[in-house]
Amino acid sequence: MSHEIDAKGLRCPRPIIELAKAKRTLPKGEEIHIIADDPAFDSDVRAWCDTTGCTIVSLEKEGDVVTAVITLK
């Protein structure tokens, strides 16, 4: 099962706040696809995963848009 978050247009720290909200409501092992265009999102999502123990499955950048796929722990 996967959950999608469209965080385009949200600025730091909002994309990570949306990710944290989803983590609180979804079960462990759930996969989250999050799309953001905030310049800090790439480094923020890496730091958030390091802090929470979640796993980055993929992290792709196309222009200003970063798409991350994360498995919750």
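Please read these numbers as outputs of a predicted model, since none were measured by experiment.
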If I take atom [atom1] from residue [X] and atom [atom2] from residue [Y], how far apart are they, to the nearest 0.5 angstrom?
X	Y	atom1	atom2	result
E4	I34	CD	CD1	11.0 Å
H33	H3	NE2	NE2	10.5 Å
T71	K28	OG1	NZ	13.5 Å

List the atom pairs, donor and acceptor, that lie under 3.5 Å between side-chain atoms in residues 5-26 and the rest of the protein, sequence neighbours left out.
residue	atom	partner	partner atom	Å
D6	OD1	K8	N	3.0
D6	OD1	K8	NZ	3.4
D6	OD2	K8	NZ	3.3
R11	NH1	D37	O	3.4
R11	NH1	D37	OD1	3.4
R14	NH2	E18	OE2	2.9
E18	OE2	K21	NZ	3.3
K23	NZ	K73	O	3.4
T25	OG1	A22	O	3.2

Would you be so kind as to tabulate the donor-acceptor pairs closer than 3.5 Å made by side chains of residues 47-65, with sequence neighbours excluded?
residue	atom	partner	partner atom	Å
T51	OG1	A47	O	2.9
T52	OG1	W48	O	2.9
T52	OG1	C54	N	3.3

